[in-house]
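Taking it in order: structure first as structure tokens, then the write-up.
Read the numbers this way: they start at 1 and go in the same order the structure lists the ligands and their atoms. Just the heavy atoms: all of them, side chains too, but no hydrogens, waters or symmetry mates, feed the values below. This chain uses plain numbering: 1 for the first residue, then up along the sequence.
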Amino acid sequence: MAQLPILQFEEKIIETVEKNQVVVIIGETGSGKSTQLSQMLHRRGYTKSGIIGVTQPRRVAAVSVARRVAEELGVQLGEEVGYAIRFEDRTSERTRIKYLTDGVLLRESLSDPELGQYSVIILDEAHERSLNTDILMGLMKRLIRMRSSNLKVLITSATLDGDKVSKFFFDCPLLTVPGKLYPVEILYSNERPKSYLESCLKTAIDIHTKEPEGDVLIFMTGQDDIEKLVSKLEEKVYNLEEGSCMDAVVLPLHGSLPPELQVRVFSRPPPNCRRFIAATNIAETSLTVDGVVYVIDSGYVKQRQYNPSTGMYSLDVVQISKVQANQRAGRAGRTRPGKCYRLYTSMDYQEDLLDVTVPEIQRSSLAGSVLYLKSLDLPDIDILRFDFLDPPTSESLEDALKQLYLIDAIDENGSITKIGQTMAELPLEPSLSRTLIEANEYGCISHALTVAAMLSAETTLLPGRRKNADKKRKHRPVDPPDGSGWGDHIQLLQIFELWDQENYDVNWCKDRDLQVRGMLFVKDVRKQLCQIMQKIAKGSLDVWTSRNQKESRAEYWNLRKALCVGYANQLAERMIHHNGYRTLSFKPQVVQVHPSSVMKPDEDGKFADYVVYHELITTSRPFMRNVCAVQVEWVMPILNKVKNLNVNKLSGGSADLTSEPMEGNVKDSLKKEDGGTTPTLDGHDNKIQAARERFLARKGKK
Ligand code: ADP
Ligand code: MG
């Protein structure tokens, strides 16, 4: 294999790292940042005084890169080289190079704010601008100011506006690794295709029949599309006249693919065989697939967005930004000149695509992050003054504070409570951590642990909620339990309990069409959560670990009560003259119970008066997903709390801010804090701001 570009800069990189505490490294995707930097520093002795930690925003990337580095160093994964992602720690005493998700590093800094075990932290893939990496950047900045030891921090990125990051880190040095990128010819469509799936197919077959050898990377939006494309493309290729062109294999690549299928894209194809790789945007910058000469860019990406004023999520297929389009095109020119087929017009590119991607911090719920920052209890950290590369909107901060207040994680002055401290120790969303704590009080912690674990499964477990499940099925599966009329949380609990009674028999899952891998994961997660709770409760937990669990309605009662406390901000009231519910948010929404729910109306066609929900999601309509019926008497205290809520007070943390209204002072206070040195709206900020506004405007129009 040709030498990776970054290796030619080893001397320069090491020299700069020796002399500086923070270094920003910009290098084209595939130049070797993720796999080589850690090894370089290891060779130069940086693992003698501590561990080299490399963060990745994506779980898949952490696993895949760690595996690669272990292989290159000829060691067993989990020994000298390991990885840690939520609920899966493959490191040992001997680990010197550790790949971890940014979320895991954030959690680690909770128990050890100085990150004492590390000699180097590499914040990798910073261009992804994930929420956790953005927060880590702020924390690192603070740590550098304070930590007297010689922790080195490297920030690496493919496309990030390096000047801005360097400025953020006290004008630290910025190294650019010139990528060896061959020219990529860009071919635009004449018009937007009616179906981009069909258009992808046609383009793929055109390439296969007309173009010389070279793999084809196809950017799709998600698993469903990818699966469809893979099967259709396989069929088309199969039907081509024999001998008319070379062989072909079609491979999917997305985050929910089992690991053993993911690695297939890294193995060499047989000779005289073209590979088609249908990928989500994980192939944009996080994973580099060698051999790609042609790229087909649908122009879309699936993005989860959160609207803080309604508390509503949506999973939207949105247009990519220009930066993303250029990254995608770049994948075609790594080994020789390539071609990129954009399934949109050059006019679309010029006028419709946003310049840059809106950072996640400006489109997600911040409750978990705010709780986390509050729990650090650092005298100089005030949420509103926290030093963000791009600050979140005041609306989303308000939303987070309100949620935290309603679930007792912060008091009316915005200070973190004991409950909040405990919640922050759990690797769960605030609503679920709160439920666990409450359940412990009511003696139903076992149930709550199960529900939290079931809801934390990365994959969808139940057949009814999984698309395409019906087609492949040979026999009708056994019906799952029905939640006793109380809803989905109870159903999830019942499923696990039944499985537990069956000795965790995988055939039991198969008969019910439950995802075996997902269920085994749940079992493991439950065990881990249980251990964490044991530690928190100092061993005074009353947790069952195996069978002999009797179904008991009384315990469902307590569990529902605990859920009501945990989901205090996710509460909805049935509307009397309307077929739906009204939510409790800044702007109450009319929503329906999602059709996949086990919650059904009673004989009179009536739903429960009050329900809590796990999330609100807009698909064709606004829906509540995972719903649990709650009693009116549990709801009243929450409604009272809402009435007395004063969001201005909550934002506190420092006295002088509590009296000011929150609106619009996030940026101002940032400026004040830094004595005016924080860059004001520079070009990049302007771009992000503009991108966000256009994005919101477009959403409003829909
Ligand atoms: P960057 O982080 O700069 O984008 P990487 O370090 O991820 O680059 O990749 C450098 C090279 O290593 C690429 O050619 C890529 O194909 C290869 N590589 C990375 N991960 C794996 C893996 N799991 N298996 C095989 N090759 C890999
Ligand atoms: Mg990388």
Side-chain angles (χ1 to χ4, degrees), residues 1-10 13 24-42 52-75 77 81-83 85 90 97 99-102 122-130 133 154-160 162 175-182 214-215 217 251 253 255 257-269 275 277 279 281-293 295 323-324 326-328 330-336 338:
M1 192 178 75
Q3 211 194 28
L4 291 167
I6 205 160
L7 293 172
Q8 295 154 23
F9 293 84
E10 178 156 346
I13 290 169
V24 176
I25 299 180
I26 309 284
E28 192 55 59
T29 302
S31 58
K33 300 180 301 296
S34 305
T35 53
Q36 304 306 315
L37 269 176
S38 58
Q39 296 185 59
M40 228 180 246
L41 293 159
H42 171 61
I52 298 178
V54 190
T55 66
Q56 298 288 321
R58 294 169 196 271
R59 298 161 56 93
V60 200
V63 178
S64 147
V65 177
R67 183 174 289 134
R68 170 69 173 186
V69 173
E71 216 174 85
E72 288 186 14
L73 288 174
V75 299
L77 183 62
V81 180
Y83 67 84
I85 59 183
R90 279 194 72 179
I97 299 179
Y99 286 87
L100 67 180
T101 50
D102 44 16
I122 305 179
L123 298 183
D124 200 9
E125 309 282 322
H127 57 263
E128 291 247 343
R129 298 299 310 276
S130 71
T133 296
L154 274 64
I155 293 129
T156 67
S157 155
T159 58
L160 192 70
L175 296 178
T176 308
V177 178
K180 225 183 15 200
L181 212 57
Y182 293 88
D215 295 343
L217 178 59
L251 303 171
L253 178 62
L257 212 58
E260 62 277 12
L261 296 184
Q262 258 160 29
V263 296
R264 282 194 307 177
V265 300
F266 291 114
S267 53
R268 288 193 174 278
R275 299 191 306 163
I277 297 143
N281 67 332
I282 62 173
E284 204 172 274
T285 58
S286 343
L287 297 180
T288 300
V289 183
D290 289 326
V292 173
V293 179
V295 164
V323 170
Q324 287 178 293
N326 297 339
Q327 270 296 323
R328 289 181 175 191
R331 306 299 93 239
R334 286 196 63 238
T335 40
R336 59 184 158 106

For OG in Ser34 and OE2 in Glu125, the angle at the Mg ion (ligand 2) (nearest 10°) is 110°
Applying the side-chain hydrogen bond (donor to acceptor under 3.5 Å, both in side chains) criterion to His127, which one of Thr285, Thr133, Thr29 satisfies it?
Thr285
Set out, in order, the CA-CA distance, both residues' side-chain angles and the distance that settles salt bridge (charged side-chain N to carboxylate O under 4.0 Å, His left out) for Glu71 and Arg67, then state yes or no.
CA-CA 6 Å; Glu71 216 174 85; Arg67 183 174 289 134; over 6 Å; no
Hey, is Ser31 one of the residues with a heavy atom under 4.0 angstrom from ligand 1?
yes
Do Lys33 and ligand 1 have an N or O pair less than 3.5 Å apart?
yes
Between Tyr99 (side chain) and Ser34 (backbone), is there a donor-acceptor pair under 3.5 Å?
yes
If you measure every N/O of Gly30 against every N/O of ligand 1, is any gap under 3.5 Å?
yes
Working for side chain to side chain donor-acceptor pair (under 3.5 Å), residues Gln36 and Glu72
CA-CA 10 Å; Gln36 304 306 315; Glu72 288 186 14; 3.1 Å; yes
Check: Val265 main-chain N/O paired with Arg275 side-chain donor or acceptor under 3.5 Å
yes
The atoms of ligand 1 lying under 4.0 Å from a heavy atom of Thr35, numbered in the order shown, are 5 (P), 6 (O), 9 (O), 10 (C), 19 (C)
Per-atom filter on ligand 1: closer than 4.0 angstrom to a heavy atom of Ser34 are 1 (P), 2 (O), 6 (O), 7 (O)
Okay, side chain of Glu125, backbone of Gln56: is any donor-acceptor separation there less than 3.5 Å?
no
Shortest non-hydrogen contact from Leu217 to Ala279?
CD1-CB, 4.0 Å
Ligand 1 atoms nearer than 4.0 angstrom to some heavy atom of Thr29 are 4 (O)
Taking distance alone, with N or O pairs closer than 3.5 Å, would you say Arg68 contacts ligand 1?
yes
Ligand 1 to Gly32 polar contact by distance, N or O atoms, under 3.5 Å:
yes
Hey, does Val65 sit under 4.0 Å from ligand 1 if you only count heavy atoms?
no
Exercise: identify the closest heavy-atom pair between Asp215 and Asp290:
OD2-O, 3.9 Å
So, is Asp124 placed with an N/O/S atom under 2.8 Å from the Mg ion (ligand 2), counting both backbone and side chain?
no
Would Asp290 count as a polar contact of ligand 1, with the cut-off being nitrogen or oxygen pairs under 3.5 Å?
yes
Between ligand 1 and Ser64, is the shortest N or O to N or O distance under 3.5 Å?
yes
Please identify which of these residues, Arg331, Arg328, Glu128, meets the side chain to side chain contact (heavy atoms under 4.5 Å, CB included) condition with Glu284.
Arg328
Ligand 1 contacted by Glu28 (non-hydrogen, < 4.0 Å)
yes
